[in-house]
Amino acid sequence: MNGDIGLWAVPLAMIGGAIRVSTPFLFVSLGEVITERSGRINLGLEGTLVFGAMAGYALAYLTGSAWAGVGAAALAGLLFGLVHGLLCSLPKVNDIAIGIALMLLGTGLAFFFGKPFIQPVAPDLPAINLGWWSDLPQVQAALRVNVLFLVGAALAVALAWMLRKTRIGLTLRVVGDSSDAARALGIRPARVRILATAFGGALAGIGGAYLSLFYPGSWNEGISSGQGLIAVALVIFARWSPINAFFAALLFGAAGALGPALQSVGVTQGYYLFYAAPFVLTLIVLVLSSSKSGALTGAPRELSITK
Amino acid sequence: MNAPALPEAASRVRRGAVGIETVGMTMRFGSFTALDAVSIKVRPGSFHALLGENGAGKSTLVKCIMGFYHATSGDLLIDGFDGHVRDPRDAHAKGLGMVYQHFTLVPALTAAENLVISRADVPAVVDWAEELTALRAFMDAMPFRVPLTEPVHRMAAGEKQKLEILKQLYLGRRFLILDEPTSVLTPDEADEVLGHVKALCASGALSVLMITHKFREVTAFADEVTVLRRGRHVGSGLVADLSHADMAAMMMGDARPAAPAARAETSGAPVLELVGIRARDRSGLKEIAIDGLSVRAGEIVGIAGISGNGQMELMEILTGQRATSAGTMRVHGAPYRATRGEERRLKVRYLPEEPLHNACAPRMSVAENIGFRSFEAAGAGTRFWLAPGEMRRRAERLVADYKVKTTSVEAPIAALSGGNVQRAVLSRELDGEVDLLIISNPCFGLDFIAVAEIRSRIMAARNAGAAVLLMSEDLDEILELADRVLVMSEGRIVYECAAAEADIPTLGRHMGGHA
């Protein structure tokens, strides 16, 4: 088969990249949507992501099962989220400062414990070939979709449904919108926030496991290029909606795939500049969604950045 | 009229009104007695008003009834039986409910979501079609209704207050405490809401204990009244037997407020002029549009309106805190951008609402706060080194003049009570020559004595030739002080009249945007 499709390779690689690169964004931002909907902001997710990548890779290597790795990463993330949630429930503790501390702690611990796992090879997560109908290897490569991406997409829908239709969702929205109202209803805001932060941490851990177990698919210290932080910005861009977060993650994934895609078609000059596309996009999004007067619409009113 | 039908989930509590009685209720916090052997009786189906100054013990009493506090001694009877209340949840189970002064609704949720989440037995997965049918059936049995699918933050204050009361009925509460329920409503809205509450009482569905300081509402709606002063029960009776003067005498005891200052004849040139001002409001979605506003020397112009209709933004424009997109602001004919130099040269002074937060550095001393206008002035020029001795003497003189109660001028201003912070800030702003005074809600949350004194100071400034712009949510305050009344609604001045010709129903209609 003739595999030369010329410049069409760029958009095709970006679609494939969007699916491949977006998964960690998707998990981290879905988790952060839930955390922020409860009125907390967890900036430590970058650290959770890196630690999740290390823990997931290590467990997958030791047990030989990639799914055991994903479980371990989720558990590690859950613990990081719990620590953040518990610390922030103490009086006069600022969630942003704790987040930054946990980001540094998470990456530091991951590097410390991850040293022995840089060389060994762990099993990969399975992928589904949705491109079987095409003869083009590029199409097949682009549509090799990881199971976690599909799980994330389903999770976005499930979380949106949960926020609208269930008691847990309503409780979460009450706590995020007004602590006073929540207390008047007999809800304990601190407990809801701790659980929401723990849930967000677990999802960020899974996002990390995806990094080390599928794409790029190995553990090293430079595995995350700030995805955890970008995902937090994504949540604001997505206006705290899980469905929007899904599309925002795809958009950022596509931007992240721009650099490698150009490189693959032989653009040799300045493609490093295109590697910066997600960061430029982050800045543009934040500037466009900012407002000189008045608070963000749709923001949970208890969020410390909107108060 | 039948007792309103309730959905299955909420109908477990009794259907008829609940009566309560406190017997010798006493509450001590350390050595301070907040409540001293207070006995009141609210008969089932009655509308009972609870009157008193700030700090008279009204809140303490209702918190004891609702189980927020445990009374040091004394008993609570519910329907004549011993009704020991362990905590608010226990009070709710016994059919007692409270509507707080500040809304406890969740702004981002719809009315229906607010009602459902407030229930104790929210199902894990909510079937909204079924819930909405049940809620509509409940609403149909009520004398008033609110839109169910509208988010609460888009509702008018009157609708929110109605929803709060509906929520209590929906939850099966049959004795309601209303804490100053009309403080954020227009006169029309207040009359409507209280009229409905009175009808519910008359039908035997509800008993109400309403905390208020508005005599007019007591006379128009309540059956009985109890007056507290300094934690003691000082009088009670049928509303029909008592005049406003009787109630005021009970509330104040021996203290006498300053007589309203006389209004001197004045006429002067325009001092403040706004033309064609346009700015964004806080949400950034609506526009503030002031086509023309002028205040003459020796005149008080009152701006009435319900909070959230652009008064706060107008204050920010006048203080230079909010950018305008068009229009001019002039003081004495000169362009004015509210810089410190202009304020001093043109003698413009401000008294914003909540002065502790908006006009003070709370942890700095009273003397320093009083010095904020003048600390760097040396005659007409400025100084580099501060003059602490001079600042201190000046503060001491003003503290004495304005009767600010403080342990010393070195005490942090945050340690002062609301009325004393207001006096201290007023002393700073009114010291020296004042040509233009811009004021927002100067008497919010203050007691009778402080209110009368602050209003007489404002009137004195007017009589001395200052132009005064007064923004207030308290219509009575505007009618007492202003020479000219403007009404602000939806970011615009929608009505103007001379204070002497002002008519409350007309003003109320314009405030509500219904004219």
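The chains referred to below are lettered A, B, ... by the order of the sequence lines, with proteins before strands, and numbering in each begins at 1.
The shortest distance between side-chain heavy atoms of A:Leu170 and B:Glu113 falls below 4.5 Å. With contacts defined as side-chain heavy-atom distances shorter than 4.5 Å, the pair B:Ile117/A:Leu185 qualifies.
Here B:Val122 is the residue among B:Val116, B:Val122, B:Thr104, B:Asp127 with the most heavy-atom pairs under 4.5 Å with chain A. With chain A as partner, the option from B:Ala323, B:Ala124, B:Ala279 having the largest number of non-hydrogen pairs under 4.5 angstrom is B:Ala124. Contact count versus chain B (heavy atoms, under 4.5 Å) is highest, among A:Ala181, A:Gly169, A:Gly176, for A:Ala181. Your options are A:Val174, A:Asp180, A:Ile168, A:Thr171, and the one with the most heavy-atom pairs under 4.5 Å with chain B is A:Val174.
For B:Thr60, there are no side chain to side chain donor-acceptor pair (under 3.5 Å) partners at least two apart in sequence or on another chain. With sequence neighbours left out, B:Tyr69 forms a ring pair (Phe, Tyr, Trp, His ring centres under 6.0 Å) with B:Phe29.
Using a distance-only test at 3.5 Å, with no hydrogens or angles considered, a donor-acceptor pair links the side chain of B:Arg89 to the main chain of A:Gly186. In this structure, A:Asp177 contributes its side chain and B:Ala108 its backbone to a donor-acceptor pair below 3.5 Å.
Only the backbone of B:Pro123 comes within contact range of chain A, with at least one heavy atom under 4.5 Å from a heavy atom of that chain.
Remark: B:Tyr100 OH is packed, more than 12 non-hydrogen atoms of other residues, nucleotides or ligands lying under 6.0 Å away. No more than 12 heavy atoms of other residues, nucleotides or ligands sit less than 6.0 Å from atom NE2 of B:His357.
Nearest heavy-atom pair across A:Arg164 and B:Trp128 is O-NE1, 3.1 Å.
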